[in-house]
Chemist: 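Let me give you the structure first, and then I'll get to my questions.
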Amino acid sequence: MGRLNLLLVWSLSLTLSLYYLHPISAQLSPNHYAKTCPNLESIVRQAVTKKFQQTFVTVPATLRLFFHDCFVQGCDASVLIASTGNNQAEKDHPDNLSLAGDGFDTVIKAKAAVDAIPQCRNKVSCADILALATRDVIALSGGPSYTVELGRFDGLVSRTSDVNGRLPQPTNNLNQLNSLFAANGLTQTDMIALSGAHTLGFSHCSKFASRIYSTPVDPTLNKQYVAQLQQMCPRNVDPRIAINMDPTTPRKFDNVYYQNLQQGKGLFTSDQILFTDPRSRNTVNSFAPSSNVFNSNFVAAMTKLGRVGVKTARNGKIRTDCSVL
């Protein structure tokens, strides 16, 4: 009996520890706002579509904003907070200075549209609006639509120091990428699928200049692609110049990113390593020929990402202004 009781206690403590590591699944639900704001999804979609029609940058900017938010203190809209005299917020960390303003604007406009409905006013978190807007920009650019789990609360802190070492870097190798994603409960396959977001968006030349101007030039890069990059990014290029992450279909959410990797056309070291490292190559090879395989893995990974560090009413709130704590 003693051994059985010990086993039961151990089993219970393991269950509780797993719950406190990932308490989110029980509280997130696609129907979270069914009674408080029943038309939430269509309100957000309408606002996001309007913004998308004004500028395509809405798509990569919103998608990147979601990643940068969830990887630092979880999906709690802390990246939206503006710095004040006595607090340097996440968005002013060097790793976040390249986040395009159109992503922030998309969330602000969607939040305003939601709060314009009396029944919904101040009932929906900025974190949930960002999660919905991210799904919508993916679908608007030709990617998969999927069910978004809802019920996140907005975080109570946003500090520059919290960003340190939390976000992937263009120079990361596979071990570094796996470690960053594992810290958020994501597998290598999740990481490779989420890297597919680089099928959209752009990068400043400084982020990859060392690959095309080193001696010798990075041997994993396609030689013709190097010549194109050197033409678009000369040595003394204007630092504001940015080029497409996907040179083939830059305005379409698709699996061409993986086909580019097979051809040595991954813009960052952290992109190309997914193909050059034999531990991840098979996954790239499975995503490259099949948009269905990629899409299903991407949706699964986005759903897991959306569960990271979710705040509850105990340690979060619903912000009336997404940029103010």
Side-chain angles (χ1 to χ4, degrees), residues 22 24 59-75 79 95-96 98-99 103 127 130-139 141-149 163 165-203 207 245-246 252-261 266-275 277 279-288 290-310:
H22 297 284
I24 34 63
V59 178
T62 305
L63 185 49
R64 198 155 170 256
L65 195 62
F66 183 66
F67 286 143
H68 281 233
D69 181 42
C70 293
F71 263 62
V72 181
Q73 302 296 339
C75 309
V79 75
D95 286 354
N96 281 331
S98 61
L99 289 169
L130 175 55
L132 286 169
T134 302
R135 184 269 310 272
D136 293 340
V137 296
I138 290 165
S141 55
S145 190
Y146 53 92
T147 301
V148 176
E149 297 174 335
V163 182
R166 298 276 177 89
L167 295 169
Q169 301 297 317
T171 54
N172 282 162
N173 61 33
L174 192 68
N175 289 343
Q176 291 166 322
L177 290 170
N178 280 336
S179 174
L180 282 167
F181 280 75
N184 292 297
L186 298 160
T187 65
Q188 178 176 285
T189 302
D190 295 328
M191 180 272 289
I192 299 166
L194 291 172
S195 297
H198 282 175
T199 184
L200 300 164
F202 40 83
S203 166
K207 296 288 184 187
M245 295 289 297
D246 175 354
K252 190 158 186 265
F253 188 97
D254 55 24
N255 62 326
V256 170
Y257 166 81
Y258 302 100
Q259 297 166 22
N260 291 336
L261 298 185
L267 190 60
F268 294 160
T269 303
S270 58
D271 293 312
Q272 196 57 49
I273 198 70
L274 303 182
F275 184 72
D277 194 308
R279 293 172 293 167
S280 47
R281 187 181 301 144
N282 286 345
T283 306
V284 171
N285 287 340
S286 72
F287 291 171
S290 172
S291 56
N292 287 340
V293 172
F294 163 54
N295 286 345
S296 62
N297 277 275
F298 182 80
V299 166
M302 284 294 280
T303 303
K304 280 173 75 174
L305 177 61
R307 295 170 180 165
V308 173
V310 167

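Numbers here are sequence positions counted from 1.
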Chemist: Heavy atoms, side chains only, cut-off 4.5 Å: are M245 and T199 in contact?
Modeler: no
Chemist: Between the main-chain N or O of F287 and the side-chain N or O of S290, is there a donor-acceptor pair closer than 3.5 Å?
Modeler: no
Chemist: Indicate yes or no for a side-chain donor-acceptor contact from S280 to the backbone of L274 under 3.5 Å, with no hydrogens or angles considered.
Modeler: yes
Chemist: Taking R307 for the side chain and E149 for the main chain, is one N or O donor matched with an acceptor at less than 3.5 Å?
Modeler: no
Chemist: Is a side-chain N or O of Q188 found less than 3.5 angstrom from the main chain of T283, in a donor-acceptor match?
Modeler: no
Chemist: Is S179 reaching over with its side chain to a backbone N or O of N175, donor-acceptor style, under 3.5 angstrom?
Modeler: no
Chemist: Taking the side chain as everything from C-beta on, heavy atoms only, tell me whether R166 gets closer than 4.5 Å to D95.
Modeler: no
Chemist: Can you see which heavy atom on P60 is nearest to which on G201, and at what distance?
Modeler: CB-CA, 3.4 Å
Chemist: Can you confirm whether L167 sits close enough to N96 that some side-chain heavy atom of one is under 4.5 Å from a side-chain heavy atom of the other?
Modeler: yes
Chemist: Could you please spell out the steps behind the side-chain contact (heavy atoms from CB on, under 4.5 Å) verdict for F268 and I273?
Modeler: CA-CA 9 Å; F268 294 160; I273 198 70; over 6 Å; no
Chemist: Can you measure from CG (L130) to CZ (R135) and round to the nearest 0.5 angstrom?
Modeler: 12.5 Å
Chemist: What verdict does the side chain to side chain donor-acceptor pair (under 3.5 Å) test give for S291 and N255, after you've listed the backbone C-alpha separation in whole Å, the side-chain angles of each residue and the deciding distance to 0.1 Å?
Modeler: CA-CA 6 Å; S291 56; N255 62 326; 5.0 Å; no
Chemist: To the nearest 0.5 Å, tell me how far F253 CZ sits from L63 CG.
Modeler: 6.5 Å
Chemist: Of the options I138, L132, D136, which is the one that meets T134 in a side chain to side chain contact (heavy atoms under 4.5 Å, CB included)?
Modeler: I138
Chemist: Give the minimum heavy-atom separation between S145 and A139, together with the two atoms involved.
Modeler: CB-CB, 4.2 Å
Chemist: Taking atom types as modelled, is there a side-chain donor on Y257 or D271 under 3.5 Å from an acceptor on the other?
Modeler: yes
Chemist: Search all heavy atoms of Q272 against all heavy atoms of L261 and return the closest pair with its distance.
Modeler: NE2-O, 2.8 Å
Chemist: Minimum heavy-atom separation for A131 to V148, with atom names?
Modeler: CB-CG1, 3.9 Å
Chemist: Keeping the roles fixed (side chain from T62, backbone from V59), state whether a donor-acceptor pair exists under 3.5 Å.
Modeler: no
Chemist: Can you tell if the side chain of T269 reaches within under 4.5 Å of the side chain of P170, non-hydrogen atoms only?
Modeler: no
Chemist: With side-chain contact (heavy atoms from CB on, under 4.5 Å) as the test, would you mind laying out the steps for T189 and F181 before giving the verdict?
Modeler: CA-CA 10 Å; T189 302; F181 280 75; over 6 Å; no
Chemist: If only atom types and distance count, is the side chain of Y258 paired as donor or acceptor with the main-chain N or O of A193 below 3.5 Å?
Modeler: yes
Chemist: Using 0.5 Å steps for rounding, measure from the CG atom of N292 to the CG atom of N297.
Modeler: 11.0 Å
Chemist: Quick one: does N172's side chain have a donor or acceptor within less than 3.5 Å of a partner on Q169's backbone?
Modeler: yes
Chemist: Could you check if a side-chain atom of D246 sits within less than 4.5 angstrom of a side-chain atom of N260, using non-hydrogen atoms only?
Modeler: yes
Chemist: Measure the spacing between CG of L99 and CG of L65 and express it to the nearest 0.5 Å.
Modeler: 6.0 Å
Chemist: Check whether any side-chain heavy atom of S270 lies under 4.5 Å from a side-chain heavy atom of L177, and answer yes or no.
Modeler: yes
Chemist: Drop me the distance from F71's CZ to H68's NE2, to the nearest 0.5 angstrom.
Modeler: 9.0 Å
Chemist: What closest approach, in Å, do Y146 and M302 show between heavy atoms, and which atom pair accounts for it?
Modeler: OH-CE, 3.4 Å
Chemist: If you compare all heavy atoms of P168 against all heavy atoms of L180, which two are closest, and at what distance to 0.1 Å?
Modeler: CA-CD1, 3.5 Å
Chemist: Indicate yes or no: at least one non-hydrogen side-chain atom of V79 is less than 4.5 angstrom from one of F66.
Modeler: no
Chemist: Just so I know, are the side chains of H198 and L267 near enough to count as touching, which here means a heavy-atom distance under 4.5 Å?
Modeler: no
Chemist: Quick check for you: to the nearest 0.5 Å, what is the distance between D190 atom CG and T187 atom OG1?
Modeler: 3.0 Å
